[in-house]
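Below is one structure; the comments refer to it alone.
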Amino acid sequence: MQDTGTMEAAPAGGAAVDGGYLLEVENVRKEFPGVVALDNVQLRLKRGSVHALMGENGAGKSTLMKIVAGIYTPDSGSFKLRGEDIKLRGPLDALEHGIAMIHQELNLMAPMTVAENIWIRREPTSRFGFIDHGEMRRKTVALFKRLNIDIDPDIQVGTLSVASRQMVEIAKAVSYESDVLIMDEPTSALTEREVDHLFTIIRALREQGKGIIYITHKMNELFEIADECSVFRDGKYIATKASTEVTRDDIIHMMVGREITQMFPKEEVPIGDVVLSAKGLTLKGVFTDVSFDVRAGEILGIAGLVGSGRSNIAETIFGVTPADGGTIELFGKTVRIDSPATAMKHGMAFLTEDRKETGCFLLLDIQENTQMAVLQSGYVKNGFVQQKQLGTDSVEISQALRVKTPDMAEPIINLSGGNQQKVLIARWLLTRPKILILDEPTRGIDVGAKAEIHRLISKLAGQGVGVIMISSEMPEVLGMSDRIMVVHEGRVTGFLDRAEASQVKIMELASH
Amino acid sequence: MSTNEIAGSANVIGSKKRLPPEVSILGVLIGIAIVFEILGWIFVGDSFLANKQRLSIIILQVSVIGIIAVGVTQVIITAGVDLSSGSVVGLAAMVAASLAQTSANPRAVYPSLTDMSPIWAILAGLGVGLLAGMVNGSLIARTKIPPFIATLGMMVSARGLAKWYTLGQPVALLDESFTWFGKSFNIMGFPLPLPVIVFLLVAVIFHIALGYTRYGKFTYAIGANPQAARVSGINIGGHLIKVYAIAGLLSGLAGVMTAARAASGQPGMGVAYELDAIAAAVIGGTSLSGGVGRITGTVIGTIILGVLTSGFTFLKVGAYYQEIIKGIIIVAAVIIDQHRQNKRKKA
């Protein structure tokens, strides 16, 4: 307003910047090999406000937050904090500038006490250089009082509930006198009462003039806690609105608003008998009473938000985490599936969500990666691997999938994500599955390879394979599925037929 | 133009030959041998290599370590470790020796079980090793405690058992039919001790098992990515029991060979052998983080250890200096190898 005459030095921790924003990010662009994660996006955060970020999985919210928190460096764009241009050198630098991120996966050291966790690297010391535990406790108590948190500073973090750990994380962020607090889906693991407590703390922080960036998938939270809301889609900025001037439907439309332009080569094929029938499947604390059928030739899509339990259902069907309750029928017979080996014996195959963690043997070559699953059931005589036959068949299937490599002896780590995925698909096709479970079959894969994998899935269904496909990508689910099962917080909230399914209907069932 | 495109899209997947990683380790072995040869001519005035007797002793000295190392290599490929090998050698040597005594011994451990066929002594030694290995494997598979701890426990307990077995007394006066297994044979004028033949046989068997059988493929898979291995339908617990049982069996075999060669069983046999075996495997290119390693590399690593010991003795380097230098060379060899492999990965 009238800051031209007097130049006051801003005290540490930052006084209000008149007429400006706490944080202004403009035209930020970030590319990863093969993907534009953020395409000239912007974000303006007001002091004393809660700013929600909304968008589908992969919209770029988390990437943007990692840039704000100094974890990623943007390729281009401007970054202003309290009206000044700055360049962050890393997460620690961001913290020292007053930007703190509370991570989805919490970053506390479980064997240490609450107070030690909060003041790590900044422990108050006595005259002789020893840590002053009394002073540390006093500071923690004062901090907790300010935030209305009731946790014993001397208790081990490992003994605390997830909610309490989150409180500790928030207190730690506040202890840095941070002005910008980033919360990435903070309520995903909390009960309703804990959420209420969290919101009380967030409101208190807002009163104290902090700016809070709040990533969420939950509509009701947006209207309950946020002042403003920015929507992202496919790495692009869509709009920023005050939460009082938008409706739930507006937001959903902004989030999914694209037309489906990609062609999905879904073929109409005759649907056969039920091959897999889940009845009342339950895994305690993860999902409850999940029932569905899959028929030969059918592609059953499973939609739901990350953390809704969709991947856990797949893992249970395949025996990675056997069910606590309910039954699985395969080809009309009840079968107890207690391990992946059992599932494979009954003709199942499971392409997991995480290529690196549970898919690839990164140290081994393409041939070894391709053949690992089939060795359980074939190509072995008297313990010896029939390498010649197996090699020929592996090459044949790799060529059919167009794995781009000069040599099967190439380490798989040297392949692109899309090609690695094709190798993993080849691994399962060698076992000639009758039921194929695909968890995010095209995540992180370029468009060309994506279409090839879609064509392949369709072809397999045409050969009578029953397919279960989990995907976060709406167009993929809509384009490929005969039926869609929507999961929300560990429960099946509905089934949609191909004809009636739409992005809006799925989002409604998936977010409530 | 169009033919080019077709050739490009034909996507021929072949399998070009590349040099196995052992070649560089073999280079190290040859390098060390040459250094000793040169130093020999300078300081001793004699050839290090042109001596059949010495070459034979080099391998004999390490053949027991080598037998253990073949088992330990497989354990390390699964991202595990076996610290109990040395103690199991001691225990197996004691048990085998106690069943191989002659009736000429007035204080035999089992006076009624003397002058028996050596087959019983050998089977007992192997059985002790197999059992110890199965206990190791079962502990690791069922209780999920780290292999380091499980085999550390076995290392302490097996050594205790070996001492308790005769209350610390050595077992002497063994039957000739048993000590025959520690003897040498002349093959084409080259003195070849039986332990060396056993070592090479064991190496060949497990080289084939690792490279060409389902057992081998699963061993690498478990070490490379246990989670992916599980999703691929591999029974990890069951397989680990097999791997540790084999390692134990080979330690038992090493114990039998040790007792036969020494013509006695002593509770202190095999102390720290596990460390030499791990060193041999790691020098040979086996990665302690699992998923990588070959028996050929381990054999070369074992021979490197033998050449070092023999070469230092040949140069009349004092025993204390030998150990100091050996430690440095082991670490240096692995640093160089790791550096080289990182470079290849980036390329």
Side-chain angles (χ1 to χ4, degrees), chain A residues 315 318-320 339-345 348-352 354-369 371-377 379-387 391 394-396 398-399 402-411 413-414 424 427-428 431, chain B residues 7-21 76-79 205-206 208-239 242 285-294 341-342 344-347:
Chain A
E315 282 169 6
F318 197 67
V320 179
S339 72
T342 319
M344 285 165 64
K345 238 173 248 157
M348 277 201 247
F350 179 31
L351 184 75
T352 56
D354 196 324
R355 255 197 311 277
K356 255 197 194 133
E357 288 291 314
T358 53
C360 293
F361 299 97
L362 288 174
L363 292 166
L364 307 185
D365 65 27
I366 297 172
Q367 177 62 41
E368 306 264 20
N369 268 282
Q371 70 193 30
M372 209 50 94
V374 80
L375 287 178
Q376 205 57 254
S377 56
Y379 296 102
V380 178
K381 224 181 218 166
N382 303 324
F384 281 85
V385 177
Q386 309 298 100
Q387 200 63 62
S394 303
V395 167
E396 193 177 303
S398 303
Q399 281 174 344
R402 298 192 210 183
V403 176
K404 289 191 190 73
T405 173
D407 185 357
M408 294 294 277
E410 189 77 18
I413 199 164
N414 294 347
L424 297 185
R427 175 192 294 171
W428 289 115
T431 67
Chain B
S9 64
N11 211 350
V12 185
I13 304 176
S15 199
K16 66 178 179 231
K17 282 274 168 216
R18 36 181 102 194
L19 285 178
I76 298 179
I77 290 172
T78 68
I205 290 171
F206 286 100
I208 292 170
L210 278 182
Y212 304 97
T213 68
R214 175 156 58 188
Y215 163 82
K217 302 289 175 194
F218 285 3
T219 304
Y220 285 105
I222 288 173
N225 187 344
Q227 282 169 291
R230 190 162 134 69
V231 176
S232 299
I234 298 172
N235 175 353
I236 293 181
H239 194 83
K242 275 187 216 165
T286 304
S287 159
L288 283 172
S289 30
V292 176
R294 282 156 61 104
Q341 289 196 3
N342 285 343
R344 180 192 296 174
K345 242 177 245 165
K346 272 173 208 149

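Labels below follow one simple rule: chain letters A, B, ... track the order of the sequence lines, proteins then strands, and each chain is numbered from 1. Because only heavy atoms are used, hydrogens play no part in the values below, and waters and symmetry mates are left out as well, while side chains stay in.
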TODO: Ignoring hydrogens and angles, tell me if any N or O in the side chain of Arg214(B) forms a donor-acceptor pair with the backbone of Leu375(A) under 3.5 Å.
DONE: yes
Open item on the list: Holding to ring pair (Phe, Tyr, Trp, His ring centres under 6.0 Å), I want the full list of residues that pass it with Phe318(A), two or more places apart in sequence or in another chain.
Closed with: Phe350(A), Trp428(A)
- [ ] Decide side chain to side chain contact (heavy atoms under 4.5 Å, CB included) for Phe384(A) and Ile208(B); before the verdict, give the C-alpha distance in whole Å, the side-chain angles of both, and the deciding distance to 0.1 Å.
- [x] CA-CA 9 Å; Phe384(A) 281 85; Ile208(B) 292 170; 3.5 Å; yes
Task: Nearest atoms (heavy-atom pairs only) where Val231(B) meets Thr352(A) - done: CG1-CG2, 3.7 Å
Task: Set of ring pair (Phe, Tyr, Trp, His ring centres under 6.0 Å) partners for Tyr379(A), sequence neighbours left out - done: none
Task: Considering all heavy atoms, the nearest Asn225(B)-Thr358(A) contact - done: ND2-N, 4.4 Å
TODO: Could you grab the distance from atom OG of Ser339(A) to atom CD1 of Ile234(B), nearest 0.5 Å is fine?
DONE: 12.0 Å
- [ ] With a 4.5 Å cut-off on heavy-atom pairs, point out which of Gly216(B), Gly290(B), Ala209(B), Ala229(B) contacts chain A the most.
- [x] Ala229(B)
Task: Side-chain heavy atoms of Ser232(B) within contact of Gln376(A), under 4.5 Å - done: no
Task: Shortest non-hydrogen contact from Ala228(B) toward Gly359(A) - done: CB-O, 3.3 Å
Open item on the list: Contact between Gln387(A) and Lys217(B) at the side-chain level, heavy atoms closer than 4.5 Å - yes or no?
Closed with: yes
Open item on the list: Show the nearest heavy-atom pair for residues Gly233(B) and Ala341(A), with the distance to one decimal.
Closed with: O-CB, 3.4 Å
TODO: Identify which part of Lys356(A) has an atom lying under 4.5 Å from any heavy atom of chain B, answering side chain, backbone, both or neither.
DONE: backbone
Task: Greatest number of heavy atom pairs closer than 4.5 Å to chain B - which of Leu364(A), Asn382(A), Ile366(A), Asn369(A) - done: Leu364(A)
Open item on the list: Using every non-hydrogen atom in the two residues, find where Phe361(A) and Ala221(B) come nearest and quote the distance to one decimal.
Closed with: CE2-O, 3.3 Å
